[in-house]
Amino acid sequence: MPNMSDVIFPDVTLTPDEITQRYPQRCLPEGAQVTRFAPSPTGFLHIGGLFTAMINYRLAKKTGGVFFIRIEDTDKKREVEGGIELITKGLEDFGIIADEGFTSTGQKGGYGPYQQSQRRDIYRVFAKKLMDEGKAYPCFMTEGELEEIRAEQEKNKQNPGIYGQYAKYRGITPDEAQKLIDEGRSFVVRLRSCGDESRRIKFKDSIRGKIEMPENIQDTVILKADGIPTYHFAHVIDDHLMGTTTVIRGDEWISSVPIHLQMFYMLGFKAPNYAHVAPIMKEENGGKRKLSKRKDPEAAVSFYREAGYPMQSVSEYLMTIASSAYEDFRRANPRADVGEFNFELRKMSQSGALFDLNKLNDVSKNTISRMTADTVYDLAADWAKEYDAGLYSLLSRDEGYSKGIFAIDRDNPKPRKDIAKWSEVRDYVAFMFDELFLRPSAELLAKYDAADAKAVLAAYAGVYDQNDSKDEWFERMKTVCDTLGFARETKAYKQSPESYKGHIGDVSTIIRAAVTGRTNTPDLYYIEQLLGYERVVGRIKEFAESL
RNA sequence: GGCCCGUUGGUCAAGUGGUCUAAGACUCCGGCCUCUCACGCCGGCUACAGGGGUUCGAAUCCCCUACGGGUCACCA
């Protein structure tokens with residue numbers, strides 16, 4: 001009588017030991033964590049995937065360990081051309097660069113290959129080992145049979161699945177298997193579960209604490225009909241061989257942990273620590289639901305790039321979701337590198353956070369306010385180059401000029417926080433470029449007497465001096481106040497409003513409207529300095545005539 | 001439906017039996033500062049899902065209910 005594994009795995013010649021020797025124990029300092037991100041190459045970087053990857057990365061970095069990227073391409077149907085590069089490149093934009101495995105420039109590291117489709121032989125060796133030990137068997141059930149069983153179970157209100165009496169092929173003999181194979185029947189390899197429903201399996205999740213569940217009793221598929229492993233089996237083999245110490249993944253995997261733990265046990269492997277992160281949610285009809293790739297554009301990381309959020313801002317926002325202590329850290333260390341933050345898994349929230357655009361905007365404004373004018377220019381121009389060509393040509397026409405705009409009120413302890421995303425830049429800088437400058441309408445000054453406004457503009461145009469220091473400039477505006485009957489101090493006006501036409505604020509508003517076409521802008525002095533005498537006085541005169 | 005997990009203001013959250021008449025952040029609304037805006041500062045609105053226990057004492061521990069999420073594939 002032939003051996004079952006010879007019937008099923010005639011192609012497998014290597015032994016588990018030979019494989020294991022290729023994956024020596026890692027030499028890492030005490031406490032170093034080996035983590036990984038294991039995406040499918042679907043060509044779509046989900047914001048939740050980025051989040052998970054970031055947490056994996058941070059933990060590895062914090063502990064002096066290793067972070068690697070492994071491609072889980074065991075389902076060819078979902079694969080997309082260029083999907084791997086899109087994901088690795090996408091992560092690298094956020095500073096998440098793999099120590100091992102896939103980077104945008106290819107694979108590296110000594111524990112590969114890091115792509116499951118290239119590891120077929122490895123999985124088969126261990127599947128064979130399980131079969132040799134009676135822990136796995138071939139199952140020839142057809143789709144129709146599977147459906148019948150499911151229907152029967154449903155009718156009897158039993159749990160669905162292949163276990164106990166429903167595991168029809170548990171007792172198949174090698175001869176019977178050979179016969180079916182000769183008939184051309186296809187088969188999968190199932191685990192011969194050693195679980196007992198009445199026993200409970202306990203494990204400690206690094207984020208959620210103690211979890212306990214009934215043992216797995218399902219004869220889970222480990223090798224599909226095409227000989228490729230299922231996620232479960234690949235996970236166990238890969239993370240064992242690659243030396244992963246902490247598996248950080250989405251919490252949709254929690255319910256599979258009993259299967260995984262059982263496989264580690266049956267294979268004689270030590271199981272890693274698990275950490276299951278809560279998904280990022282979206283508000284809908286008053287409820288919450290997971291951000292969906294299909295329905296929600298904001299689920300894609302590319303959405304934020306297009307909207308003009310700097311990668312840095314998205315990172316920062318995600319960190320605030322990952323750890324509530326992060327905002328305090330950031331306040332205390334505005335310029336520090338994220339790496340200095342003491343990230344801890346156990347402080348992570350266990351329930352899914354609603355994605356909050358308000359908060360992202362706020363975080364982003366703060367993030368941008370900490371950038372230098374040069375950086376703001378570079379990033380804004382990069383964005384514009386791709387999404388707003390008109391703006392790009394204006395910004396890049398005179399780099400120094402453009403940087404000057406972004407420099408206004410930037411290098412001080414309380415920098416302005418006007419910009420949350422690059423798509424706002426066009427509006428922010430509009431009046432600095434004649435091409436975008438909107439001639440002010442008289443409406444802006446509706447609350448003022450037209451004759452007074454004209455007088456203010458004429459007086460100011462007469463005395464404006466491009467060479468003034470800021471103090472001189474301000475003093476000159478006050479002089480205009482004096483000569484035209486406006487109060488040079490707001491307080492003086494408030495004390496006796498009847499003795500003035502208005503105050504310094506009114507005068508500056510009139511001038512601001514003429515020069516910028518708006519009543520609210522950053523510091524007028526610096527704007528005028530950049531604009532230059534001709535344009536300042538020209539705009540003032542033009543506006544005065546229109547009143 | 002079975003099994004898991006969760007539930008503190010509109011949102012993110014701190015909180016591990018007394019220091020909780022519950023921190024902080026975002027949003028919103030007032031006010032101050034101020035050449036406008038922004039910044040900053042001050043203040044305000046709004047919360048322990050519900051019910052039972054345990055305890056001198058419960059947001060915190062236990063039980064039940066409700067609600068929300070996840071999972072139950074030859075997808076990951």
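Protein chains get the first letters and strands the later ones, always in sequence-line order, with residue 1 at the start of each.
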So do A:Lys470 and A:Tyr526 actually touch side chain to side chain, heavy atoms under 4.5 Å?
-> yes
Side-chain contact, heavy-atom cut-off 4.5 Å: A:Met348 with A:Ser323?
-> no
Is a donor from one side chain sitting under 3.5 angstrom from an acceptor on the other, for [X] and [Y]?
X        : Y        : answer
A:Asp238 : A:Gln116 : yes
A:Tyr304 : A:Glu298 : no
A:Asp73  : A:Ser117 : yes
A:Asp362 : A:Tyr317 : no

Every protein N/O within reach of nucleotides 22-25 of chain B N/O, cut-off under 3.5 Å:
unit_1: B:rA25; atom_1: O2'; unit_2: A:Glu327; atom_2: OE1; d: 2.8
unit_1: B:rA25; atom_1: O2'; unit_2: A:Lys359; atom_2: NZ; d: 2.5

Rounding to a whole Å, what distance do you find between [X]:[atom1] and [N]:[atom2]?
X        : N      : atom1 : atom2 : value
A:Asn358 : B:rA13 : CG    : C1'   : 16 Å
A:Tyr428 : B:rU36 : OH    : C1'   : 13 Å
A:Leu318 : B:rC12 : CG    : P     : 15 Å
A:Asp471 : B:rC35 : CG    : P     : 12 Å
A:Ile504 : B:rU36 : CD1   : C1'   : 11 Å

Between A:Tyr326 and A:Phe341, what is the ring plane arrangement, given parallel below 30°, perpendicular above 60°, and tilted in between?
-> perpendicular
Geometric class of the A:Phe140/A:Phe187 ring pair [parallel <30°, tilted 30-60°, perpendicular >60°] = tilted
Tell me, which stems hold RNA chain B, with a stem being 3 or more Watson-Crick or G-U pairs in a row and both distances under 3.5 Å?
-> B:1-7 with B:66-72, B:10-12 with B:24-26, B:28-32 with B:40-44, B:49-53 with B:61-65
Pick base, sugar-phosphate or nothing for [X], based on heavy-atom distances below 4.0 Å to the nucleic acid.
X        : answer
A:Ser349 : sugar-phosphate
A:Tyr525 : nothing
A:Gly505 : sugar-phosphate

Does the distance from a Lys or Arg side-chain N to an Asp or Glu carboxylate O, for [X] and [Y], drop under 4.0 Å?
X        : Y        : result
A:Arg192 : A:Asp219 : no
A:Lys421 : A:Glu424 : yes
A:Asp239 : A:Arg70  : yes
A:Lys224 : A:Asp226 : no

Residue list, side-chain hydrogen bond (donor to acceptor under 3.5 Å, both in side chains) with A:Gln312, at least two apart or on another chain | none
Closest-nucleotide ordering on RNA chain B, the 5'-leading residue of A:Asn159 and A:Thr320 = A:Asn159
Nearest-nucleotide comparison on RNA chain B, the residue closer to the 5′ end among A:Lys491 and A:Arg346 = A:Arg346
Using the C1' atom in both, what is the distance from B:rC67 to B:rA49, to the nearest Å?
-> 8 Å
Has the side chain of A:Gln218 got a donor or acceptor atom that lies under 3.5 Å from a matching backbone atom of A:Ser193?
-> no
May I ask you to decide if A:Ser469's main-chain N or O and A:Glu472's side chain share a donor-acceptor pair within less than 3.5 Å?
-> yes
Whether over 12 other heavy atoms sit under 6.0 Å from A:Glu197 CD = no
Minimum heavy-atom distance between A:Ile368 and A:Ser313, given as atom pair plus value | CG1-OG, 4.5 Å
At under 4.0 Å, does any side-chain N or O of A:Thr509 touch on OP1 or OP2 of B:rU36?
-> no
Would you list the protein and nucleotides 37-48 of chain B atom pairs, both N or O, that sit under 3.5 Å from each other?
unit_1: B:rC37; atom_1: O2; unit_2: A:Arg416; atom_2: NH1; d: 3.2
unit_1: B:rC37; atom_1: O2; unit_2: A:Arg416; atom_2: NH2; d: 2.4
unit_1: B:rC37; atom_1: O2; unit_2: A:Thr521; atom_2: O; d: 3.3
unit_1: B:rC37; atom_1: N3; unit_2: A:Arg416; atom_2: NH1; d: 3.2
unit_1: B:rA38; atom_1: O2'; unit_2: A:Lys417; atom_2: N; d: 3.4
unit_1: B:rG40; atom_1: OP1; unit_2: A:Lys417; atom_2: NZ; d: 2.9

Would you list the protein and nucleotides 3-7 of chain B atom pairs, both N or O, that sit under 3.5 Å from each other?
unit_1: B:rC4; atom_1: OP1; unit_2: A:Arg200; atom_2: NH1; d: 3.4
unit_1: B:rC4; atom_1: OP1; unit_2: A:Arg200; atom_2: NH2; d: 2.7
unit_1: B:rC5; atom_1: O2'; unit_2: A:Arg208; atom_2: NE; d: 3.4
unit_1: B:rC5; atom_1: O2'; unit_2: A:Arg208; atom_2: NH2; d: 2.2
unit_1: B:rG6; atom_1: OP1; unit_2: A:Gln350; atom_2: OE1; d: 3.1

Please produce a list of atom pairs where a protein N or O lies less than 3.5 Å from an N or O of nucleotides 74-76 of chain B.
unit_1: B:rC74; atom_1: O2; unit_2: A:Ala225; atom_2: N; d: 2.9
unit_1: B:rC75; atom_1: OP2; unit_2: A:Lys224; atom_2: NZ; d: 2.8
unit_1: B:rC75; atom_1: O2'; unit_2: A:Asp75; atom_2: OD2; d: 3.0
unit_1: B:rC75; atom_1: O2; unit_2: A:Arg78; atom_2: NH1; d: 3.2
unit_1: B:rA76; atom_1: OP1; unit_2: A:Thr74; atom_2: OG1; d: 2.6
unit_1: B:rA76; atom_1: OP1; unit_2: A:Lys224; atom_2: NZ; d: 2.6
unit_1: B:rA76; atom_1: OP2; unit_2: A:Tyr231; atom_2: N; d: 3.2
unit_1: B:rA76; atom_1: O3'; unit_2: A:Glu72; atom_2: OE1; d: 2.9
unit_1: B:rA76; atom_1: O2'; unit_2: A:Ser40; atom_2: OG; d: 3.1

